[in-house]
Structures are given as structure tokens and as C-alpha cells.
Amino acid sequence: MSYASTEELHTLRNKIEKRMQQDYLDKNTEAPFLDENKLLLLQTLFGQTNLPDKQQTDYTITIMLIQMALDTHDKVIVTTKTNETADERKNRQLTVLAGTYYSALYYQILAGLEEIDMVALLATSIKEINEQKMSLHYDATTSEAFFKKLGQLEGCLFRTAASRFIDTARLEPLDDYCLISRLQQEVREGKQTSLLVKLASIIEMEKSGLTVMQVIQQEIEAAKRRLLAGLDTLPPAFAKLSRKLLLQGNRQEELFLEEG
């Protein structure tokens, strides 16, 4: 199965969103961000395997649910405010609940998968991601270290899934692909998150005079240059996908890539 077409991408996105539906959370919390760039990475990966279509879909949905559960928990900021309003407290508690609910969904799917090796790999990856998050928040003392750790963290789930089918050393440039996508998401949303709180504290110590968003924009451009430089080392399908990310906003070039 290949998820190359926009129609197939839309169909899979709808399946993921349908699995996530929960009336109370839908009415009282923001829908979690579904990173289509990472979804395309998974589609490209599994589309090149000999796995049955249903297994490809189950793996993809599971991994995206894991990603969204982890991302949702990142939105929770541990507050020491003495004047936290009832609405702020409720929103924080519901965000935790939403992340836990999405976690339960992916555990439910994992329990139904017959391939124990993939289940074990993903469980190990979740543990590794949580350890990396601790390192990001407590060990990163410079913006350079922060972004390096964040890139590794963002690429972790994909690299874990890919390790069953491909030499992951060949996929190292895709950490920058995942980093770019995450940072672009932070810019679009423009909201305070635990990640941005940590980055702001680092920038303050570095005394660069730059704002958080200025530093993020600089890193996006630097990551794009690194990704561009590493395209020749990537397998062709992933190199093409990376070029598409680098060309986002240039619709004519994007269409040329899709047709090619």
C-alpha cells in the first residue's frame, strides 16, 4: 500500500481522528495537532514494506496516537501560580486527561496487534522518549543542546518503527525533518508550552537579546540547511519527501515533486 496521494492521506487522517473522538474532550479541549509531515514519513516507510494494508494502517494510527498523546502532555505547564483561575486549572487538568485518553487508545491498539516485536519496540521507544524529555528539561543548558536533543526526541518514534525495515543510520538527517515540523508547529500555534518555557529560560541565560520566536526561526533555517546537505545520504523516497518539506510554500515546486 502506498499513501502517496492526497486522497489516501485524507482518508488515513480521518481514521485517526475518528479513533480519537470522545464527546466530552471534543467539547472542552482543543483538538490535538496531527503532524502530517510525520504522517507522511510513516506512510512512506510502511508503503515500501510487504506488510498487509491493515497492518500498515494499524501501525501508522498507533504511532500517530502515541505522538499526539506525548505532544498533548507537552502542553501542560506545571504552574506555581497562586492566583490560577478555576478555568486555567480546569484546562490544565483536561489537557492531562486528554493525553492520558490518547495513551489509552494506543495501548488498546497495541494490545490487539499480533506482532509482539513491534509492540516491544514501541514500548521501549515511549520509555526512551520520556527519558529524553527529562534530559531536555534538566540537562540542556544551551539553545544548541536544546535543539539537538529536541530533534533526536522528535525523530525517536519514527526511527524506532523504521528499525524493523531499514538501517536507521541512513535516516539520521530525518531528525532535522522532524525538528523543522515541530518548530513550525510551535510558531503557528504561538502558545506557551513547557518546551517554550524551557527554551525561554535558556535564552535568558545566554543573553543573546533575541526572543524565543526569533531563536526558533533561526533554528528552522539552520535545520533546513542541514537537511538539504544530507539529502544525498537518504533513501530516494525519503529524500523526495524531505525536498517537499523544504519547498513548503512554493506550490509550483511542490506540485512538480508530487507529479515526479
Side-chain angles (χ1 to χ4, degrees), residues 29-35 37-38 66-100 102-103 125-160 172-227 245 248:
T29 63
E30 290 184 12
F33 175 73
L34 197 163
D35 190 335
N37 292 317
K38 288 183 179 178
I66 293 172
Q67 186 68 66
M68 286 187 286
L70 295 169
D71 289 348
T72 298
H73 279 147
D74 281 345
K75 294 181 180 179
V76 180
I77 300 176
V78 178
T79 181
T80 56
K81 288 173 58 178
T82 57
N83 61 340
E84 183 182 27
T85 67
D87 285 344
E88 288 174 333
R89 183 167 58 255
K90 178 181 178 181
N91 180 68
R92 184 162 51 85
Q93 291 170 339
L94 284 175
T95 302
V96 174
L97 177 62
T100 303
Y102 304 140
S103 299
S125 183
I126 294 167
K127 178 176 179 292
E128 181 182 345
I129 288 170
N130 286 326
E131 290 172 349
Q132 288 178 345
K133 284 187 177 184
M134 293 294 288
S135 178
L136 179 70
H137 283 281
Y138 294 103
D139 297 336
T141 56
T142 66
S143 54
E144 181 181 358
F146 174 90
F147 289 123
K148 183 174 179 59
K149 287 178 180 291
L150 182 58
Q152 293 169 343
L153 192 159
E154 288 295 313
C156 187
L157 266 178
F158 171 74
R159 280 185 277 102
T160 297
E172 285 182 2
L174 293 177
D175 280 356
D176 277 319
Y177 175 103
C178 294
L179 176 64
I180 292 165
S181 189
R182 177 58 185 265
L183 293 179
Q184 287 176 337
Q185 172 196 347
E186 295 289 346
V187 171
R188 280 193 299 269
E189 293 189 354
K191 296 179 180 178
Q192 191 179 52
T193 63
S194 59
L195 284 176
L196 296 190
V197 169
K198 171 61 179 177
L199 180 57
S201 69
I202 291 174
I203 293 171
E204 184 176 358
M205 289 188 295
E206 291 180 333
K207 301 184 184 302
S208 65
L210 299 174
T211 67
V212 169
M213 287 301 165
Q214 286 172 331
V215 171
I216 287 177
Q217 290 288 4
Q218 285 186 353
E219 181 59 25
I220 289 174
E221 294 307 313
K224 285 182 176 181
R225 290 192 294 271
R226 293 193 299 266
L227 181 57
L245 176 70
Q248 277 183 357

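Just so it is clear, the structure is predicted and the values come from calculations on it, not from any experiment.
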Apply the test side-chain contact (heavy atoms from CB on, under 4.5 Å) to residues Arg226 and Leu179: give CA-CA distance (whole Å), side-chain angles for both, the deciding distance (0.1 Å), then the verdict. CA-CA 11 Å; Arg226 293 193 299 266; Leu179 176 64; 3.9 Å; yes
Leu210 side, atom CG; Ile203 side, atom CD1 - distance, nearest 0.5 Å: 7.0 Å
Side chain Ser201, main chain Lys198, donor-acceptor under 3.5 Å: yes
Spacing of Met134 atom CE and Ile129 atom CD1 [to the nearest 0.5 Å]: 15.0 Å
Regarding Glu128 and Gln132, do their side chains bring together a donor and an acceptor under 3.5 Å, going by distance alone? yes
Could you check Leu196 against Met213 for side-chain contact (heavy atoms from CB on, under 4.5 Å), going step by step and ending with a plain yes or no? CA-CA 9 Å; Leu196 296 190; Met213 287 301 165; 4.2 Å; yes
Is the shortest side-chain heavy-atom distance between Glu186 and Val212 below 4.5 Å? no
Given side-chain contact (heavy atoms from CB on, under 4.5 Å), test Leu199 with Glu219 step by step and report yes or no. CA-CA 12 Å; Leu199 180 57; Glu219 181 59 25; over 6 Å; no
Between atom CG of Asp176 and atom NZ of Lys224, what is the distance when rounded to the nearest 0.5 Å? 12.0 Å
Donor + acceptor pair across side chains of Gln248, Asn37 (<3.5 Å): yes
Acceptor/donor pairs from residues 143-153 side chains to any protein atom, 3.5 angstrom cut, sequence neighbours excluded:
unit_1, atom_1, unit_2, atom_2, d
Ser143, OG, Glu206, OE1, 3.1
Ser143, OG, Glu206, OE2, 3.2
Lys149, NZ, Ser135, OG, 2.8

Where is the tightest heavy-atom contact between Glu189 and Phe33, given as atom of each residue plus distance? OE2-CB, 3.9 Å
Check the pair Ser194 / His137 against side-chain contact (heavy atoms from CB on, under 4.5 Å), numbers first and verdict last. CA-CA 9 Å; Ser194 59; His137 283 281; 4.1 Å; yes
I need the single residue from Asp175, Asp71, Asp35 that forms a salt bridge (charged side-chain N to carboxylate O under 4.0 Å, His left out) with Arg182. Which is it? Asp71
Return the CD to SG distance between Gln67 and Cys178, rounded to the nearest 0.5 Å. 8.0 Å
Under the side chain to side chain contact (heavy atoms under 4.5 Å, CB included) test, which residues partner Arg225, sequence neighbours left out? Glu221, Ala222
Rounded at 0.5 Å granularity, tell me how far CG in Leu183 sits from CD in Gln218. 12.0 Å
Specify the closest pair of heavy atoms between Ser125 and Thr160, including all atoms of both residues, with the distance to one decimal. OG-OG1, 3.1 Å
For Lys127, all residues meeting salt bridge (Lys or Arg N to Asp or Glu O under 4.0 Å), sequence neighbours excluded: Glu131
How long is the span from the CD atom in Gln184 to the CG atom in Leu245, to the nearest 0.5 Å? 5.5 Å
